[in-house]
A.B. asks: 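Before I ask anything, here is the structure I am working with.
The basis for the numbers below is simple: all heavy atoms, side chains too, and nothing from hydrogens, waters or symmetry mates. A, B, ... follow the sequence lines: proteins, then strands. Residue 1 opens every chain.
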There are 2 protein chains.
Amino acid sequence: MSVHRDIRSPTQDCGECPIRHRAVCARCETDELAQLEQIKYYRSYQAGQTVIWSGDKMDFVASVVTGIATLTQTMEDGRRQMVGLLLPSDFVGRPGRSAAAYDVTATTDLVMCCFRRKPFEEMMASTPHIAHRLLEMTLDELDAAREWMLLLGRKTAREKISSLLAIIARRDASLKEPRADLGAITFDLPLTREEMADYLGLTLETVSRQMSALKRDGIITLDGKRHVTIPSVDALMEETGDDSDGGFLV
Amino acid sequence: MSVHRDIRSPTQDCGECPIRHRAVCARCETDELAQLEQIKYYRSYQAGQTVIWSGDKMDFVASVVTGIATLTQTMEDGRRQMVGLLLPSDFVGRPGRSAAAYDVTATTDLVMCCFRRKPFEEMMASTPHIAHRLLEMTLDELDAAREWMLLLGRKTAREKISSLLAIIARRDASLKEPRADLGAITFDLPLTREEMADYLGLTLETVSRQMSALKRDGIITLDGKRHVTIPSVDALMEETGDDSDGGFLV
DNA sequence: GATCTGCCTTGATACAGATCAACCAAGGAA
DNA sequence: TTCCTTGGTTGATCTGTATCAAGGCAGATC
């Protein structure tokens, strides 16, 4: 139990768990919640499978254990906007609300754990550090959403693509050992061109064109369609339009 | 104290306080927090005055008592995107974080109350219903941010303007007595054309043109530049691109 | 091996909204 | 009164991205 105590400490690794992500080790947290006997069941989804349909009851709380899910809003005429990425340790659900406004879909193979609703609410009251952590996570997501609003409202297509690549690269890099040498970074895109387009408020053609342009300009290298190498992180960051001093590894 | 107990009940009026907004009466909440001796001081700002500069320390928690503040992100070359509206009872601040990524500016004359940081955190732990309410508010803001992401990414200029007018009208209507007859609604725009543009990811010229177009088409009536009348809420909702069955008064 | 299907690329063209620029109206100061 | 400022409107033109359309490639299926 002791390794789980410091659940809020940033990028902490318990030393036993292979998953390490963002502010907390997801498995540790899940384990702790399981020990508190709050987890009702685990459930697996295949890539592409729908977790929640828009309009479904949302009377539950669940958390991503492994894999990636996306959160999408759709307009009547079919225009779609992705509004969130759910990564390991992220929560979905809104007990007390009757309906969801968006679809949740598995992008990769996905494992989620579902909580017992009533005990969860009691736990919220009785276990302050969990309640506090939920608030912190929600505030983080709000900050991320606000950064996306800037991207969606004011950035050019090239800046949007660069920003997305930078974000994925950063997340990917944070999973590996932090290295002094950030010369080159390589990763696989977890999204199709269409999903990227939905994320960025573009069409898939524009995404494809801008990826080609970045390749032509030497900002990225493509091996196949999904495998991306960034020879110079600095050069990529130049393209994002963001303040340059932001620092790549947070 | 008893009137403040049910602090989470939706759109509850304490019967003594002239301000009624969203899920809770802001003054009541502020009063309760004051009784808990958590409020450090109140402070007034004039319209246009900056509350927090981007990059300032954010080591505090504050809440809007009266007036409206905006939350804005700015890029190096001056492109600006509004990412939030702070209304009475909304909170800002993120104790534990060193710097803010955005400007907070008073749009109208503004009164805020600042909390004692340390006791606030203790209160978070010791007063579950306040912690829970903070989480609910943050989740509401996240939902609102996600709706804006759809607007910014996928809506046309006309749909953006209509959506903004609908949102302001809805908020304004919720401040008055709920009425069966929603035939016509009248209100004053709290934003300049430029602020509207920053909110919607447009230029002020496009905002002006689309306002003129909506006027020409009889969707709205303008008296001066700011005073708006909506003869038919249904007709306006048709223009927003949103699902029509959403219901105007939530 | 042939065909199919999902995902991606590239080209030609259209158009919504940005940009540049002139002007207007109201309010305040001199 | 006149000048000046602030916020808003409208017109002409430009341009970035959408749209429409035609392939291409790799893995799956027969």
Side-chain angles (χ1 to χ4, degrees), chain A residues 46-49 70 75 77-81 105 107-108 151-165 188-217 220-228 239 241, chain B residues 46-49 70 75 77-81 105 107-108 151-165 188-217 220-228 239 241:
Chain A
Q46 291 185 320
Q49 205 176 339
T70 60
M75 291 172 70
D77 60 4
R79 280 176 281 176
R80 282 156 40 92
Q81 176 65 51
T105 312
T107 300
T108 65
L151 177 145
L152 289 169
R154 295 302 186 191
K155 286 191 178 177
T156 65
R158 176 182 259 246
E159 288 169 342
K160 286 179 178 181
I161 300 280
S162 303
S163 300
L164 178 58
L165 291 175
D188 281 307
L189 277 174
L191 304 174
T192 67
R193 296 287 185 269
E194 187 174 16
E195 287 166 336
M196 291 173 70
D198 282 345
Y199 212 143
L200 300 170
L202 298 169
T203 59
L204 68 95
E205 292 97 327
T206 300
V207 171
S208 180
R209 271 186 252 272
Q210 295 297 335
M211 290 289 285
S212 301
L214 288 175
K215 187 170 81 177
R216 192 183 328 114
D217 298 346
I220 62 173
T221 309
L222 279 177
D223 178 19
K225 286 135 190 339
R226 297 293 195 87
H227 196 75
V228 180
E239 302 291 337
Chain B
Q46 291 185 321
Q49 206 176 338
T70 62
M75 291 172 71
D77 59 5
R79 281 177 281 175
R80 283 155 39 93
Q81 176 65 52
T105 313
T107 299
T108 63
L151 178 145
L152 289 169
R154 295 302 186 191
K155 286 191 180 178
T156 65
R158 176 182 261 245
E159 288 170 341
K160 287 180 176 180
I161 301 280
S162 303
S163 299
L164 178 57
L165 291 175
D188 282 307
L189 277 174
L191 304 173
T192 66
R193 296 288 185 268
E194 187 173 17
E195 286 165 336
M196 291 172 71
D198 283 343
Y199 211 144
L200 300 171
L202 297 169
T203 58
L204 69 92
E205 292 97 327
T206 300
V207 171
S208 181
R209 269 186 252 274
Q210 294 297 335
M211 289 289 286
S212 300
L214 288 175
K215 188 169 83 179
R216 193 181 328 114
D217 297 346
I220 61 173
T221 310
L222 281 176
D223 177 19
K225 287 136 189 344
R226 298 293 195 88
H227 197 73
V228 180
E239 302 292 336

A.B. asks: On DNA chain C, does the nearest nucleotide to B:Q210 precede the nearest nucleotide to B:E205 from the 5' side, or the other way round? Give the residue.
C.D. replies: B:Q210
A.B. asks: Within the 4.0 Å heavy-atom criterion, would you say A:L204 contacts the bases, only the backbone, or no part of the nucleic acid?
C.D. replies: base
A.B. asks: Pick out the pairs of N or O atoms, protein on one side and nucleotides 12-14 of chain D on the other, that lie under 3.5 Å.
C.D. replies:
residue: D:dA12; atom: N6; partner: B:R209; partner atom: NH2; Å: 3.4

A.B. asks: Which atom pairs, one a donor and one an acceptor, fall under 3.5 Å between side chains of residues 205-215 of chain B and the rest of the protein, sequence neighbours left out?
C.D. replies:
residue: B:T206; atom: OG1; partner: B:T203; partner atom: OG1; Å: 3.0
residue: B:S212; atom: OG; partner: B:S208; partner atom: O; Å: 3.0

A.B. asks: Rounded to the nearest 0.5 Å, how far apart are CZ of B:R193 and CG of B:L191?
C.D. replies: 10.0 Å
A.B. asks: Whole Å only: how far is the CZ atom of A:R193 from the P atom of C:dT10?
C.D. replies: 10 Å
A.B. asks: Looking for any heavy atom pair under 4.0 Å, which part of the strands does B:G48 touch: base, sugar-phosphate only, or nothing?
C.D. replies: nothing
A.B. asks: Going from CE on B:M75 to CG on A:L151, what distance comes out if it is rounded to the nearest 0.5 angstrom?
C.D. replies: 8.5 Å
A.B. asks: Check every strand shown and say whether A:R226 touches a base, only sugar-phosphate, or nothing at a heavy-atom separation below 4.0 Å.
C.D. replies: sugar-phosphate
A.B. asks: Mind calculating the distance between CG (A:L202) and C1' (D:dG16) to the nearest angstrom?
C.D. replies: 11 Å
A.B. asks: To the nearest 0.5 Å, what is the distance between NZ on B:K155 and CG on B:L164?
C.D. replies: 10.5 Å
A.B. asks: Which one, C:dC8, D:dA18, C:dG17, comes nearest to the side chain of A:K225?
C.D. replies: C:dC8
A.B. asks: With rounding to the nearest 0.5 Å, note down the distance linking OG1 in B:T221 to NE2 in B:H227.
C.D. replies: 10.0 Å
A.B. asks: Would you mind telling me which residue lines up with the more 5' stretch of DNA chain C, A:M211 or A:R154, judged by nearest nucleotide?
C.D. replies: A:M211
A.B. asks: Heavy atoms only: give me the nearest A:E195-A:T192 pair and the separation to one decimal.
C.D. replies: OE1-N, 2.9 Å
A.B. asks: State whether B:T203 places a side-chain N or O below 4.0 Å from either non-bridging phosphate oxygen (OP1 or OP2) of C:dT19.
C.D. replies: no
A.B. asks: Roughly, in whole Å, what's the span from CG in B:L151 to P in C:dG17?
C.D. replies: 12 Å
A.B. asks: To the nearest Å, how far apart are B:H227 NE2 and D:dG8 C1'?
C.D. replies: 18 Å
A.B. asks: Not counting sequence neighbours, which residues clear side chain to side chain donor-acceptor pair (under 3.5 Å) with B:R158? List them please.
C.D. replies: B:D217, B:E239
A.B. asks: Report the distance from atom CG of A:D77 to atom C1' of D:dA18, rounded to the nearest whole Å.
C.D. replies: 14 Å
A.B. asks: Figure out the CD1/P separation between B:I161 and D:dT9, and round it to whole Å.
C.D. replies: 10 Å
A.B. asks: Is B:T156 near enough to C:dA16 that one of its side-chain N or O atoms lies under 4.0 angstrom from OP1 or OP2?
C.D. replies: no
A.B. asks: Between A:T206 and D:dT17, is there a side-chain N or O to OP1/OP2 distance below 4.0 Å?
C.D. replies: no
A.B. asks: Categorize B:T192 for me: base, sugar-phosphate, or nothing, with a 4.0 angstrom heavy-atom threshold over every strand shown.
C.D. replies: sugar-phosphate
A.B. asks: Has the side chain of A:E195 got a donor or acceptor atom sitting under 3.5 Å from an opposite partner on the base of C:dC7?
C.D. replies: no
A.B. asks: Find out whether A:V228 and A:D188 are in side-chain contact, i.e. whether some heavy atom of one side chain is under 4.5 Å from a heavy atom of the other.
C.D. replies: no
A.B. asks: Please report the distance, rounded to the nearest Å, between NZ in A:K155 and P in D:dG16.
C.D. replies: 18 Å
A.B. asks: Expressed in angstrom and rounded to an integer, what is the separation of B:L222 atom CG from C:dA25 atom P?
C.D. replies: 16 Å
A.B. asks: Side-chain N or O of A:S208 less than 4.0 angstrom from OP1 or OP2 on C:dC8?
C.D. replies: no
